[in-house]
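Nothing fancy with the numbering, it's 1 onward along the sequence.
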Amino acid sequence: MKAVGYKKSLPIEDAESLIDVETAQPEPKGRDIRVAVKAISANPVDYKVRKRAAPPEGETKILGYDAAGVVDAVGPEVTLFKPGDEVFYAGSILRQGTNAEFHLVDERIVGNKPKSLSFAQAAALPLTSITAWELLFDRLGAVPGKSVDPRTLLITGGAGGVGSILIQLARRLTGLTVLATATRPDSQKWCLDLGAHAVIDHGKPMKEQIEKLKLPPVALVASLTFTDQHYKAIAEFMAPQGRFGLIDDPPEFTMSTFKGKAISVHWESMFTRSSFQTPDMIAQHHLLNDVADLIDKGVLRTTLDQTFGTINAANLKRAHALLESGKSRGKIVLEGW
């Protein structure tokens, strides 16, 4: 089968940073399903792994987590899917990735593809939907339901992949006031179109901008990028006893900044359940099915922004380069072989 991988951790400009390879089709065992991959999307985790996780000498690591495709074969213990089913999912960080024609994945972290979306549109959603859902409901403890919630949720980096779905989930499924941050005018418009009540520029002091808006207290924060640059300023204007959630890897982060206000700090990693085979691992199967249902009902929409052509090394290099620039919006998808 065709695949895209790498043998050494190299800058994306290097000719060998990502390479087209031929490899054997994997065989499903246990609860694994084999998916014929139709479309994939690129995420920041792809380039972060590429930069810091060189495979053993002589081996090729295949990247990629998001995928949409068709079940091709199933392991003997599979009960949730059968060959021919259309699925979408975000894979496991411990296994070979989705940048391959055929891919193995545990059925417990796979959902039924939204019927109303193409494979490309569906591939944009899984990793960011899982991250946003778990961050909002499991970590920050937001209450589902449209009853009025007298709090504001601040989402820093609202126009990125996770922010694009988090804005929608918070606006459509909760009573929170949703405040996003974005610097460029097109990114600010993107956030408003997705449902943010207001948008501020995180390149300027946030406290003054928030005070002018006269919003309910900022009690929940989803810090999606550059946490080290913003968390101290955020702690100053957050409401006491709030919750601060983050998904990035800040090089500097002092937890005691939040102690005086008794603000709790929560990390979200959507790979935790699959990496540790947690008892509630199947929650991601149910979560993705809920997202698919909300998409098909018109409550949520895909966050696909750009398609970069077929799945090959050259096009994936373009996707990695754009993600590394920090200037991407929504999701980048590649489709077909």
Side-chain angles (χ1 to χ4, degrees), residues 9-12 42-54 63 65 93 127-128 130-132 134-136 138-142 151-164 166-167 170 179-184 187-188 191 199-211 217-272 275-276 320-329:
S9 293
L10 297 165
I12 198 61
N43 293 282
V45 67
D46 296 66
Y47 76 74
K48 290 176 182 177
V49 171
R50 191 199 82 243
K51 283 182 167 183
R52 68 187 182 206
L63 287 171
Y65 303 98
I93 204 163
L127 186 146
T128 52
I130 295 169
T131 301
E134 290 182 352
L135 179 58
L136 182 62
D138 298 345
R139 313 295 171 233
L140 295 179
R151 302 178 295 175
T152 292
L153 165 68
L154 172 67
I155 303 170
T156 62
V162 175
S164 294
L166 181 54
I167 289 171
L179 173 63
T181 80
T183 54
R184 301 191 311 277
S187 297
Q188 293 173 351
C191 293
V199 182
I200 60 173
D201 183 349
H202 56 249
K204 300 173 182 176
M206 286 190 267
K207 184 178 180 181
E208 291 83 347
Q209 297 177 76
I210 292 171
E211 287 174 347
V218 177
L220 305 178
V221 172
S223 183
L224 307 181
T225 186
F226 300 119
T227 294
D228 57 308
Q229 296 179 23
H230 302 302
Y231 78 97
K232 290 179 180 176
I234 290 171
E236 288 185 17
F237 61 74
M238 270 190 79
Q241 304 181 91
R243 292 187 173 208
F244 182 94
L246 65 159
I247 64 170
D248 59 344
D249 306 291
E252 186 275 323
F253 188 75
T254 306
M255 297 271 282
S256 59
T257 302
F258 298 99
K259 181 181 178 182
K261 290 184 176 179
I263 293 168
S264 56
V265 176
H266 305 259
W267 249 283
E268 160 57 21
S269 172
M270 58 77 54
F271 292 119
T272 297
S275 294
F276 294 94
H320 278 229
L322 180 55
L323 287 171
E324 288 184 48
S325 76
K327 295 179 180 177
S328 62
R329 186 183 70 179

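In this structure a side-chain-to-backbone donor-acceptor pair under 3.5 Å is present from T156 to L224. In this structure a side-chain-to-backbone donor-acceptor pair under 3.5 Å is missing from K207 to E236. Between the side chain of K232 and the main chain of T257, no donor-acceptor pair closer than 3.5 Å is present. A distance-only check finds no donor-acceptor pair linking the side chain of D228 to the backbone of P251 [under 3.5 Å]. One N or O on the side chain of S164 and one on the backbone of A159 form a donor-acceptor pair closer than 3.5 Å. Judged purely by atom type and a 3.5 angstrom limit, S325 uses its side chain to pair as donor or acceptor with the backbone of L322. E268 contributes no side-chain N or O that, together with a main-chain N or O of I247, makes up a donor-acceptor pair within less than 3.5 Å. Remark: side-chain polar atoms of D201 are paired, donor with acceptor, to backbone N or O of G203 under 3.5 angstrom. In this structure, the side chain of S9 engages the main chain of R50 through a donor-acceptor pair within 3.5 Å.
Annotation: Q241, atom CD; neighbour count of heavy atoms from other residues, nucleotides and ligands within 6.0 Å does not exceed 12. Heavy-atom contacts from other residues, nucleotides or ligands closer than 6.0 Å to NZ of K327 number 12 or fewer.
No side-chain heavy atom of Y65 sits under 4.5 Å from any side-chain heavy atom of M270. Using a 4.5 Å heavy-atom threshold, the side chains of L153 and L140 count as touching. Inter-residue side-chain proximity for H320 and L63 is flagged as met; some heavy-atom pair is nearer than 4.5 Å. Residues D46 and L323 form no side-chain contact, since every pair of their non-hydrogen atoms from C-beta on lies 4.5 Å or further apart. No side-chain heavy atom of Y47 sits less than 4.5 Å from a side-chain heavy atom of I12. Within the 4.5 Å cutoff, the side chain of F237 has no heavy atoms near those of the V221 side chain. For the pair I130 and F271, the minimum side-chain heavy-atom distance is 4.5 Å or more.
When all heavy atoms of H266 and R139 are compared, the closest pair comes out as ND1-O, 3.3 Å. Minimum interatomic distance between T225 and G157 (heavy atoms only, all atoms of both residues): CG2-CA, 4.0 Å.
The line from CG of L166 to CG of L136 is 5.5 Å long, rounded to the nearest 0.5 Å. With rounding to the nearest 0.5 angstrom, the CD1 atom of I93 is 6.5 Å from the OG atom of S275. Between atom CD1 of residue I155 and atom NE2 of residue H202 there is a gap of 13.0 Å, rounded to the nearest 0.5 Å. With values rounded to the nearest 0.5 angstrom, S269 atom OG is found 11.5 Å from L135 atom CG. In this structure, T181 OG1 and Q188 CD are separated by 9.0 Å, a value rounded to the nearest 0.5 Å. Put simply, CG on N43 and OG1 on T128 are 6.5 Å apart, with the number rounded to the nearest 0.5 Å.
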>> Is there a side chain to side chain contact (heavy atoms under 4.5 Å, CB included) between K48 and D249? Walk through the geometry before answering.
In response: CA-CA 10 Å; K48 290 176 182 177; D249 306 291; 4.3 Å; yes
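Taking the six-membered ring where the residue is Trp, the centroids of F244 and Y231 are separated by 6.0 Å or more.
Using a 30° and 60° split on the angle between ring planes, W267 and F253 fall in the perpendicular class, above 60°.
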